[in-house]
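To start, the structure itself, in structure tokens.
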Amino acid sequence: MSKNSLYQYGTIGSLMAGAMDGTDTINDFLKHGDFGIGTMDGVDGELIILNGQAYKVSASGEVIHLMGAEKLPYGAIAHFHANHTITVSKELGSEAVEKLVLAKMRSKNLFAGVKITGVFKKMHTRAMPKQEPPYIRFSEVDQPNFYAEEIKGTVVGFYSPALFHGTSVAGFHVHFISDDHQFGGHILDYTVKDVKIEIQDYADLIQDFPKEAEFLDSDFDYSNIAEEISISE
Ligand SMILES: [Zn+2]
């Protein structure tokens, strides 16, 4: 695998449709990079991989440093290095930040990594509560929201081309972890204040899948999957 590949294990679509069992270990997942996002077994919280370390933000809000044996049903990861850097030292909302990133990255038709480090004026996240089988659909789960102001930390995530809405989330899918490891989650909205934005262009995508019979033999209902992903993510 090249240093410019994005590796994805599982797909958002299957996760939404109930493939929530953890089937890949964090240790195996980390072989494919040092920077990433995902969720854990039973959609238990929000996964952040930063500098090769794995963290889970639980629905309680607690940030847990993962040890490696824990399993995930879905994640995306890469060896992060920046192809482009932007510095922003004024308040700017997430939509404006995304426009800056889109203007700088190689192409909206390729995958990109986005890392934003510094001080955030506002950060609004959520975290999935762990589900038990038989799983309901992801879009039916109530998710606690978290709010922080004047917080130091890192946004970690990826841009996916529109065509890939289904395997991943079209556009930006980003998670957050604070520098003090006290706050984080799947980002719904943010305002930056004084940050460095780093962007990585990926040449290709490596798509991996669970190999367990439960996944291989499932009849997933994907009839409303695009809408469910848009609502939930
Ligand atoms: Zn997420």
Side-chain angles (χ1 to χ4, degrees), residues 6-22 24 26 29 32-33 35-50 53-64 66 70-78 80 94-95 97-98 101 111-116 120 123-131 135 137-148 153-162 164-178 181 183-190 205 207 225-233:
L6 174 62
Y7 171 91
Q8 185 167 250
Y9 180 82
T11 64
I12 279 278
S14 298
L15 184 76
M16 295 281 149
M20 297 178 183
D21 282 336
D24 192 30
I26 287 291
F29 188 62
H32 302 278
F35 173 90
I37 58 173
T39 188
M40 300 306 294
D41 182 47
V43 292
D44 179 15
E46 309 298 325
L47 174 66
I48 295 117
I49 311 281
L50 183 60
Q53 300 297 309
Y55 305 91
K56 175 180 80 175
V57 180
S58 295
S60 65
E62 190 187 3
V63 181
I64 297 156
L66 301 176
E70 304 89 345
K71 289 183 171 177
L72 66 152
Y74 172 76
I77 190 167
F80 191 83
S94 44
E95 278 184 32
V97 169
E98 288 176 0
V101 173
F111 287 84
V114 184
K115 180 180 183 182
I116 308 176
F120 295 81
M123 183 57 67
H124 175 197
T125 65
R126 56 94 167 147
M128 285 293 286
K130 181 169 169 51
Q131 304 297 298
Y135 298 121
R137 292 184 82 81
F138 191 104
S139 54
E140 290 165 5
V141 179
D142 279 331
Q143 307 177 36
N145 282 229
F146 307 110
Y147 301 88
T154 306
V155 170
V156 173
F158 302 101
Y159 167 89
S160 300
F164 289 85
H165 190 69
T167 60
S168 51
V169 183
F172 293 91
H173 181 188
V174 285
H175 289 186
F176 180 77
I177 185 166
S178 66
H181 297 173
F183 182 92
H186 170 101
I187 296 176
L188 296 173
D189 191 29
Y190 62 83
L205 168 71
Q207 176 65 60
I225 206 69
E227 198 186 341
E228 285 181 67
I229 293 169
S230 299
I231 291 167
S232 306
E233 297 290 332

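Indexing begins at 1, ligand by ligand and atom by atom, following the structure's order.
Using a cut-off of 4.0 Å between Lys/Arg side-chain N and Asp/Glu carboxylate O, Asp41 and Lys130 are scored as salt-bridged.
When only modelled atom types and interatomic distance are considered, Gln8 and Tyr74 share a side-chain donor-acceptor pair under 3.5 Å. For the residue pair His186 / Thr39, no side-chain donor-acceptor distance below 3.5 Å is found, with atom types taken as modelled.
Not one N or O on the side chain of Glu233 forms a donor-acceptor pair closer than 3.5 Å with the backbone of Ile12.
Note on the Zn ion (ligand 1): protein N, O or S atoms under 2.8 Å away count 3, no waters included.
Phe111 pairs in a ring-ring contact (aromatic ring centres under 6.0 Å, His included) with only one of the listed residues (Tyr7, Phe164, Phe158), which is Phe164.
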Test Val156 against Phe80 for side-chain contact (heavy atoms from CB on, under 4.5 Å), laying out the working first. CA-CA 10 Å; Val156 173; Phe80 191 83; over 6 Å; no
